[in-house]
Protein chains: 2
Amino acid sequence: MSVRSQLLKGILEGCILAVISKETIYGYELTMKLRDMRIEVSEGSIYPILLRLQKEQLIVGEMRESPSGPNRKYYTLTDKGEEALQQFRMHWDALKGPVDELMQKGGGAHAHQRSDRGKQ
Amino acid sequence: MSVRSQLLKGILEGCILAVISKETIYGYELTMKLRDMRIEVSEGSIYPILLRLQKEQLIVGEMRESPSGPNRKYYTLTDKGEEALQQFRMHWDALKGPVDELMQKGGGAHAHQRSDRGKQ
DNA sequence: ACAGCTACCTTGCATCGCAAAGTAGCTTGT
DNA sequence: ACAAGCTACTTTGCGATGCAAGGTAGCTGT
């Protein structure tokens with residue numbers, strides 16, 4: 001599996017919650033939107049996540065007629081979904097910093113003082 | 001499974017490569033170091049990854065005597081490992097920006113201009 | 001001798017991204 | 001009217017991953 005796919009694991013769900021929190025949107029448009037944001041995804045990833053989020057009552061879906069083409073299922077965040085999004089944001093912020101620090105090419109010394117775990 | 005665990009998927013491998021690229025280190029110390037950096041992991045995650053990275057020839061391990069306690073297996077990055085790390089860094093940088101943008105609480109309008117995909 | 005720490009390894013489970021395939025409505029060209 | 005192509009949602013099965021749990025074994029302090 002690709003490096004990108006692995007990186008996406010667990011991140012995608014948060015991204016979808018974030019998008020839906022900003023605007024009511026349907027699955028197909030969501031896919032295109034994420035792609036436009038350079039978050040490459042396939043429908044095979046999106047729809048299962050939407051179904052799961054619905055089952056967990058983080059979002060609710062509502063079928064609406066389309067002005068052109070097949071009907072669309074629009075999703076909206078529930079209160080529980082807002083909570084989950086905040087949770088995710090917290091975890092993302094907590095993870096981003098340390099990983100960024102590790103990924104900086106300038107190796108060797110970094111600012112963190114080690115605790116004395118692991119010493120001899 | 002926890003939100004944090006899901007977020008870690010695919011990120012951990014890159015983090016481990018990054019740490020090893022900066023210093024030769026053994027598994028147990030690696031675990032402690034990541035924890036000190038607030039990247040919470042268990043040995044059950046670390047060791048399987050180290051074995052896999054070794055099998056893929058991204059790192060090489062060498063048993064050395066410990067001045068106190070059981071012997072330690074020190075890992076070093078191979079050239080192939082350096083390449084993989086750079087690959088990972090690329091993907092991380094590409095992903096971080098868009099996700100950060102999504103996670104910013106200030107919802108609604110963002111800077112990206114949509115392409116005309118998905119229009120009616 | 002015994003408990004506790006250090007250090008490594010393995011098994012089994014739940015989760016997740018996604019390719020692939022299926023279903024069906026609508027639009028456009030001929 | 002018919003075919004082809006786009007839109008839109010759904011399901012199945014696979015491979016990859018984090019991790020709890022359990023196992024082995026060496027060293028240290030009491």
Side-chain angles (χ1 to χ4, degrees), chain A residues 1-17 25-35 39-56 59 61-75 88 91 95 116-120, chain B residues 1-17 25-35 39-56 59 61-75 88 91 95 116-120:
Chain A
M1 196 180 264
S2 78
V3 177
R4 202 198 68 258
S5 291
Q6 286 309 323
L7 264 179
L8 272 181
K9 286 207 175 184
I11 296 180
L12 240 190
E13 182 175 318
C15 292
I16 291 178
L17 285 177
I25 200 173
Y26 58 99
Y28 189 78
E29 193 188 0
L30 178 62
T31 307
M32 296 311 161
K33 180 153 200 163
L34 287 174
R35 282 190 189 158
I39 301 178
E40 296 297 333
V41 288
S42 69
E43 299 180 55
S45 305
I46 296 298
Y47 287 113
I49 291 179
L50 287 174
L51 292 176
R52 193 175 71 242
L53 293 177
Q54 218 173 357
K55 197 187 294 179
E56 292 169 3
I59 60 177
E62 181 203 1
M63 246 357 195
R64 292 189 208 162
E65 282 178 20
S66 168
S68 76
N71 289 350
R72 302 164 174 174
K73 197 165 180 185
Y74 284 83
Y75 291 99
F88 182 87
H91 285 293
L95 186 62
D116 55 1
R117 275 182 290 168
K119 77 173 182 190
Q120 302 155 9
Chain B
M1 196 180 264
S2 78
V3 176
R4 203 198 68 259
S5 290
Q6 286 309 323
L7 264 178
L8 270 181
K9 284 205 177 188
I11 296 180
L12 240 189
E13 182 174 318
C15 291
I16 290 178
L17 285 176
I25 200 173
Y26 58 99
Y28 188 79
E29 193 188 1
L30 178 62
T31 307
M32 297 309 160
K33 180 153 199 162
L34 288 174
R35 283 189 189 160
I39 301 176
E40 297 296 333
V41 288
S42 69
E43 298 180 56
S45 306
I46 296 299
Y47 287 113
I49 291 179
L50 287 173
L51 292 175
R52 192 176 71 243
L53 293 177
Q54 218 174 355
K55 197 187 295 178
E56 292 169 2
I59 60 177
E62 182 204 359
M63 250 346 198
R64 291 190 209 161
E65 283 178 20
S66 168
S68 77
N71 288 350
R72 302 162 174 175
K73 197 165 181 184
Y74 284 84
Y75 291 99
F88 182 88
H91 286 292
L95 184 63
D116 55 2
R117 276 181 290 169
K119 78 175 180 186
Q120 302 158 10

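All chains are named by letter (A, B, ...) in the order of the sequence lines, taking the proteins before the strands, and each is independently numbered beginning at 1.
- The two atoms that bring A/L8 and A/V41 nearest to each other are CD1-CG1, 4.2 Å, heavy atoms only.
- At whole-Å resolution of the value, CG in A/L51 and C1' in D/dA8 are 13 Å apart.
- The shortest distance between the side-chain N/O atoms of B/S45 and the OP1/OP2 oxygens of D/dC19 is below 4.0 Å.
- Rounding to whole angstrom units, CG of residue B/N71 and C1' of D/dT24 are separated by 14 Å.
- Between the P atom of D/dT17 and the CD1 atom of B/I39 lies a distance of 17 Å, rounded to the nearest Å.
- Nearer the 5' end of DNA chain C, as judged by each residue's closest nucleotide, is the contact made by B/G27, out of B/G27 and A/Q6.
- Within the 4.0 Å cut-off from OP1 or OP2 of C/dC16, at least one side-chain nitrogen or oxygen of A/R52 is found.
- Put simply, A/K9 has no side-chain N or O that comes within less than 4.0 Å of OP1 or OP2 on C/dC18.
- With a 4.5 Å cut-off on side-chain heavy atoms, A/L50 and A/L30 count as touching.
- Distances shorter than 4.0 Å separate some side-chain N or O of A/Y47 from OP1 or OP2 on D/dC9.
- A donor and an acceptor atom never sit less than 3.5 Å apart when one is taken from the side chain of B/E43 and the other from the base of C/dC9.
- A distance-only check finds no donor-acceptor pair linking the side chain of B/Y26 to the backbone of B/M63 [under 3.5 Å].
- Nucleotide C/dA19 holds its P atom 11 Å from the CD atom of A/E40, rounded to whole Å.
- The nearest whole Å value for the distance from the CE atom in A/M63 to the P atom in D/dC9 is 6 Å.
- At C/dC26, none of the side-chain N or O atoms of A/S68 fall inside 4.0 Å of OP1 or OP2 (strictly under the cut-off).
- Atoms OG and CD, on A/S45 and A/E40 in that order, are 11.5 Å from each other to the nearest 0.5 Å.
- Listed candidates were C/dT6, D/dT11, D/dA16. Nearest to the side chain of B/P70 is C/dT6.
- Using a cutoff of 4.0 Å between basic side-chain nitrogens and carboxylate oxygens, A/R72 and A/E29 are not scored as salt-bridged.
- Put simply, CZ on B/R72 is 4 Å from P on C/dA7, counting in whole angstrom units.
- For D/dC9, neither phosphate oxygen OP1 nor OP2 lies less than 4.0 angstrom from any side-chain nitrogen or oxygen of A/Y28.
- B/I49 comes within 4.0 angstrom of the backbone, heavy atoms only, and of no base.
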In sequence, state the C-alpha distance, the side-chain angles, and the governing distance for B/Q6 and A/E13, and then conclude on side chain to side chain contact (heavy atoms under 4.5 Å, CB included). CA-CA 10 Å; B/Q6 286 309 323; A/E13 182 175 318; over 6 Å; no
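- The side chain of B/S42 contributes an N or O atom lying less than 4.0 Å from OP1 or OP2 of D/dA20.
- At least one side-chain nitrogen or oxygen of A/R4 sits closer than 4.0 Å to the OP1 or OP2 atom of C/dC18.
- In terms of position on DNA chain C, the residue among A/G69 and A/I46 whose nearest nucleotide sits closer to the 5' end is A/I46.
- Distance from the side chain of B/Y75 is smallest for C/dC9 among the nucleotides C/dA7, C/dC18, C/dC9.
- The nearest whole Å value for the distance from the CD atom in A/Q54 to the P atom in D/dC9 is 11 Å.
- When the side-chain nitrogen and oxygen atoms of B/Y26 are compared with OP1 and OP2 of C/dA7, one or more of them lie within a distance under 4.0 Å.
- Between B/I11 atom CD1 and D/dA16 atom P there is a gap of 19 Å when expressed in whole angstrom units.
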